[in-house]
4 protein chains.
Amino acid sequence: MREETRRDIIDAAFDCFATNGYHDTSIADIATRLGIGHGTFYRYFQNKRDIIDHVVDDLFGRVLEALATDNAPAAAETLDDYRAQVGRIADGLTGILYSDPRIPRFLFTGTVGVDAELNKRMFSVLDSANALTAGYLEHGIERGYLRADLDVDHTAQAVMGMLLAGVIACARDAGDRGSADDSGPPEQQRELSIAIQRLMFDGIAR
Amino acid sequence: MREETRRDIIDAAFDCFATNGYHDTSIADIATRLGIGHGTFYRYFQNKRDIIDHVVDDLFGRVLEALATDNAPAAAETLDDYRAQVGRIADGLTGILYSDPRIPRFLFTGTVGVDAELNKRMFSVLDSANALTAGYLEHGIERGYLRADLDVDHTAQAVMGMLLAGVIACARDAGDRGSADDSGPPEQQRELSIAIQRLMFDGIAR
Amino acid sequence: MREETRRDIIDAAFDCFATNGYHDTSIADIATRLGIGHGTFYRYFQNKRDIIDHVVDDLFGRVLEALATDNAPAAAETLDDYRAQVGRIADGLTGILYSDPRIPRFLFTGTVGVDAELNKRMFSVLDSANALTAGYLEHGIERGYLRADLDVDHTAQAVMGMLLAGVIACARDAGDRGSADDSGPPEQQRELSIAIQRLMFDGIAR
Amino acid sequence: MREETRRDIIDAAFDCFATNGYHDTSIADIATRLGIGHGTFYRYFQNKRDIIDHVVDDLFGRVLEALATDNAPAAAETLDDYRAQVGRIADGLTGILYSDPRIPRFLFTGTVGVDAELNKRMFSVLDSANALTAGYLEHGIERGYLRADLDVDHTAQAVMGMLLAGVIACARDAGDRGSADDSGPPEQQRELSIAIQRLMFDGIAR
DNA sequence: CATGAATGAGCCTTCATTCAT
DNA sequence: TATGAATGAAGGCTCATTCAT
């Protein structure tokens with residue numbers, strides 16, 4: 001039960017799921033990619049359904065870590081601070097999504113449509129993200145640099161939706177670019193990021 | 001080849017896919033739900049992969065029709081016009097999504113993770129929606145009621161993302177409420193709709 | 001129950017079986033080729049197994065008729081008579097096989113490997129042919145122009161084998177030539193015919 | 001992937017095909033006869049179509065080996081030599097066909113009517129046999145003990161036809177005798193063999 | 001009489017999972 | 001501990017046959 005093998009299996013599974021989706025990936029695929037016997041898989045994971053949870057765990061862990069690294073968790077005290085903070089988070093996410101194109105692809109083909117259970121979990125993650133965002137907004141209201149009548153919960157939901165649009169765009173681009181790691185400059189992503197920020201802070205009206 | 005049977009199969013398939021997802025729905029499931037022999041299915045559709053396309057066709061047809069009904073295609077000439085128009089579209093979508101909770105669920109479990117082909121198709125639909133939205137924004141700039149320096153394409157993408165957030169929320173709610181047609185008042189959805197509009201037109205800053 | 005329809009079905013079945021074989025021909029194929037509903041088939045024949053018997057009946061009827069036409073059934077009284085008779089029979093068979101390339105093909109793909117029952121029947125037809133040939137030989141011995149110590153039964157079997165070689169060659173050629181009726185000159189067939197006769201009457205030794 | 005299992009499957013398939021024919025044999029039949037799960041079949045062979053090729057390979061291998069054992073490949077130098085050689089080959093074939101009655105049955109029900117592809121292959125085998133026979137005849141002409149004006153190709157075809165008659169007779173007898181290995185004395189076969197030889201070397205005329 | 005919609009038995013094939021080595 | 005041979009549940013799909021219209 002070498003811990004390294006466990007990691008390798010998670011990585012291989014992540015790769016397979018991102019490339020072919022959960023349902024079109026067989027245990028044999030994962031084992032073959034790793035060069036191990038497919039019986040070995042079952043020494044590390046209960047069953048096929050089991051691994052996806054661990055892949056998701058692992059992915060979220062990596063994403064959160066990456067976000068935490070780039071982002072001071074310090075709360076913004078002014079609108080400009082917040083604006084900058086949002087920019088940093090957006091850039092951070094962009095960086096993560098583009099550092100490994102398999103991430104957005106996996107979120108699609110490896111996460112959605114697998115299971116009612118997993119759906120629930122993903123919804124719950126989204127809830128957390130919403131709550132986090134709502135917290136930021138709440139903080140902004142308290143500090144006085146955001147509109148007092150802001151519906152924080154639903155506004156947070158809307159903001160997260162814009163981020164999702166980014167993830168989806170990445171997933172599509174990743175699909176177009178194939179699975180290779182050739183990082184085309186994330187120009188599109190950056191522009192979307194800017195558009196989101198302007199929408200939030202400047203509105204669209206003249 | 002009664003056209004009615006064809007419709008029934010599409011409906012039953014829609015129902016099954018929305019409830020259990022594409023991969024956990026067998027042809028026998030669809031046939032059983034309809035009370036027909038499973039061989040009959042193959043008199044109307046080529047194979048399992050074939051029906052999903054028709055279900056998607058049908059769904060999009062219904063959605064577009066519903067949207068068209070509620071919405072004057074007339075272009076907005078003032079910001080208030082546009083604001084109202086956005087409100088109508090949002091309400092329209094809300095109404096559709098809540099009229100049949102299977103719709104958002106199907107978009108998830110019956111559409112994502114099926115196929116590279118279908119993914120491509122869904123992306124392409126998203127593209128169209130983006131382009132449509134961008135067109136509205138473009139028009140607004142020309143008419144002078146929207147910021148001239150708006151990045152229409154990416155802003156459209158962001159706006160569509162917010163709508164997606166609504167779809168996702170619906171899908172989750174539908175899951176919680178089961179597949180029955182008990183229309184809990186779409187209070188949440190209405191509030192999200194308002195939050196999106198305020199975000200677009202008023203921004204979040206004080 | 002028009003008799004003509006019955007004939008048409010037999011013809012269409014013959015065509016399908018010759019082209020695609022018994023197992024790769026569906027009732028729908030036969031009906032479609034004829035432009036009738038495939039339910040109609042069952043008004044004329046019990047089931048799929050039933051039709052093959054009628055096709056075989058029909059085919060043998062046609063072959064025997066053709067042979068009878070070309071051949072005086074009169075018994076040969078001299079070796080030269082017999083030689084000529086054998087030649088006529090051989091030419092007759094050649095003509096039949098080449099008049100419709102589907103015949104040898106059908107004997108293969110529509111007759112062998114269908115059924116234990118049909119195998120038995122074909123064997124029985126072969127028996128009759130053997131017996132007929134043996135009768136000719138017997139007659140020749142009685143008349144004194146054939147060797148008295150001839151094993152008529154097995155010699156007849158051997159002679160029939162040579163004819164079978166011709167049928168097989170035809171079947172292969174027919175396959176090569178496609179199903180069209182382009183009668184390449186049956187040069188090969190004529191030469192085989194001659195070789196058989198020389199083998200019978202002159203032997204191979206110098 | 002025990003090689004023995006592979007052999008067992010080939011044998012079982014051979015048995016089933018010989019008894020019931022290709023189309024009336026299911027993978028489950030083969031597996032059941034062997035007492036293995038039917039999934040196991042697919043660990044050793046691609047699909048149902050795949051196995052028939054291997055069965056044919058195996059059968060031809062065995063036949064050729066048996067023929068080679070009994071037969072000096074040395075060329076005949078005199079007519080008597082050749083006569084003896086033909087006798088040995090005929091006896092060899094007889095022995096093979098009767099050593100396992102499933103062989104002639106398989107050649108019928110397991111080989112004909114399966115596939116255009118397999119038909120082609122069988123024709124090609126027949127070609128080789130014809131060519132081999134023609135070679136012997138050619139050699140006889142060169143050595144001077146066969147008629148110089150012999151049409152070697154078509155004569156070879158005719159000779160092969162007589163052998164086929166033997167195969168067919170065997171197949172029928174095997175069917176009558178059931179699939180058991182009770183070797184009724186191949187009296188019939190021997191007599192056919194003699195009749196063929198006399199036909200070739202002595203002709204039928206007095 | 002003709003039709004073709006409906007049916008379900010039956011078969012091929014995949015693949016997650018187990019377990020003896 | 002690692003392996004991969006074996007397994008059989010499960011599901012997609014075909015097509016001969018029936019029968020209401």
Side-chain angles (χ1 to χ4, degrees), chain A residues 1-2 5-6 9 22-32 34-51, chain B residues 1-6 9 22-32 34-51, chain C residues 1-2 5-6 9 22-32 34-51, chain D residues 1-6 9 22-32 34-51:
Chain A
M1 284 284 258
R2 301 192 320 151
T5 303
R6 192 184 168 79
I9 294 176
Y22 177 77
H23 289 288
D24 288 343
T25 296
S26 70
I27 299 298
D29 287 337
I30 299 172
T32 300
L34 217 52
I36 64 173
H38 62 277
T40 308
F41 174 92
Y42 287 90
R43 297 194 56 75
Y44 290 88
F45 297 94
Q46 290 284 317
N47 51 39
K48 188 182 175 184
R49 180 57 184 77
D50 188 28
I51 182 91
Chain B
M1 286 285 253
R2 298 191 321 151
E3 190 54 35
E4 189 190 340
T5 301
R6 191 185 168 81
I9 293 176
Y22 178 78
H23 290 288
D24 288 342
T25 295
S26 71
I27 299 300
D29 287 337
I30 298 172
T32 300
L34 218 52
I36 62 173
H38 64 274
T40 306
F41 173 91
Y42 289 93
R43 289 188 51 72
Y44 290 87
F45 298 95
Q46 292 283 318
N47 50 41
K48 188 182 174 185
R49 179 58 182 77
D50 186 29
I51 182 108
Chain C
M1 283 288 256
R2 300 192 320 152
T5 303
R6 191 183 167 80
I9 294 177
Y22 178 77
H23 289 287
D24 288 342
T25 295
S26 71
I27 299 299
D29 288 337
I30 298 172
T32 299
L34 216 53
I36 63 173
H38 61 278
T40 307
F41 174 92
Y42 287 91
R43 297 195 56 74
Y44 291 87
F45 298 95
Q46 290 284 318
N47 51 39
K48 188 181 175 186
R49 180 56 183 78
D50 187 29
I51 182 93
Chain D
M1 287 285 253
R2 300 189 322 151
E3 189 53 36
E4 189 190 339
T5 302
R6 192 184 167 80
I9 293 177
Y22 178 78
H23 290 287
D24 287 342
T25 296
S26 72
I27 299 298
D29 288 337
I30 298 172
T32 300
L34 217 52
I36 63 173
H38 63 275
T40 306
F41 174 91
Y42 289 93
R43 289 189 51 74
Y44 290 88
F45 298 95
Q46 292 281 320
N47 50 42
K48 187 181 175 185
R49 182 55 183 77
D50 187 29
I51 183 101

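Order of the sequence lines sets the chain letters (A, B, ...), proteins ahead of strands, with each chain counted from 1.
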The reported gap from CD1 in B:Ile9 to CD in B:Glu4 (rounded to nearest 0.5 angstrom) is 11.0 Å

Nearest-nucleotide check on DNA chain F, D:Gly37 vs B:Ala28; residue mapping nearer the 5' end is D:Gly37

- Do the side chain of B:Tyr44 and the main chain of B:Glu3 share a donor and acceptor less than 3.5 angstrom apart? no

To the nearest angstrom, the CZ-P distance between B:Arg2 and F:dA20 comes to 15 Å

Rounded to whole Å, the CG-C1' distance (D:Asp29 to E:dG10) equals 11 Å

Rounded to whole Å, NE2 of D:His23 lies from P of F:dT14 at a distance of 17 Å

dist D:Arg49:CZ -> D:Tyr22:OH (nearest 0.5 Å) comes out at 6.0 Å

In whole angstroms, the gap separating C1' of E:dT13 from CD1 of D:Ile30 amounts to 14 Å

From the candidates F:dA5, E:dT7, E:dC15, the one with an atom nearest any side-chain atom of B:Ile36 is E:dT7

To the nearest angstrom, the CZ-P distance between B:Phe45 and E:dA5 comes to 14 Å

Is it true that B:Asp29 and B:Thr32 share a donor-acceptor pair across their side chains at a distance under 3.5 Å? no

Partner of E:dA20 under the Watson-Crick or G-U wobble criteria, both distances under 3.5 Å, comes out as F:dT3

So CZ of D:Phe45 and CG of D:Asp50: to nearest 0.5 Å the spacing works out to 7.0 Å

Should A:Ser26 be listed as having a side-chain N or O under 4.0 Å from OP1 or OP2 of E:dC15? no

Are any protein N/O atoms closer than 3.5 Å to N/O atoms in nucleotides 17-19 of chain E? If there are, list each pair with its distance.
from, atom 1, to, atom 2, distance (Å)
E:dT17, OP2, A:Tyr42, OH, 3.1
E:dT17, OP2, A:Lys48, N, 2.9

- request: Establish, yes or no, whether the cationic atom of C:Lys48 lies under 6.0 Å from the six-membered ring centre of C:Tyr42 and within 45° of the ring axis.
  value: no

Scanning all shown strands, the Watson-Crick or wobble mate of E:dC12 with both distances under 3.5 Å is F:dG11

Assert: residue with more 5' nearest nucleotide on DNA chain E, out of D:Thr25 and C:Thr40, is C:Thr40

Closest of F:dA2, F:dA16, E:dA6 to the B:Thr5 side chain is E:dA6

In whole angstroms, the gap separating C1' of E:dA6 from CE of B:Met1 amounts to 12 Å

Against the side chain of D:Arg43, the closest entry in F:dG4, E:dA6, F:dG11 is F:dG4

When rounded to whole Å, the OH to P distance for the pair B:Tyr22 and F:dG11 reads 13 Å

Measure from the side-chain N and O atoms of C:Thr40 to the backbone N and O of C:Ile36, and report whether any donor-acceptor pair falls under 3.5 Å.
no

To the nearest angstrom, the CG-P distance between D:Leu34 and F:dA5 comes to 16 Å

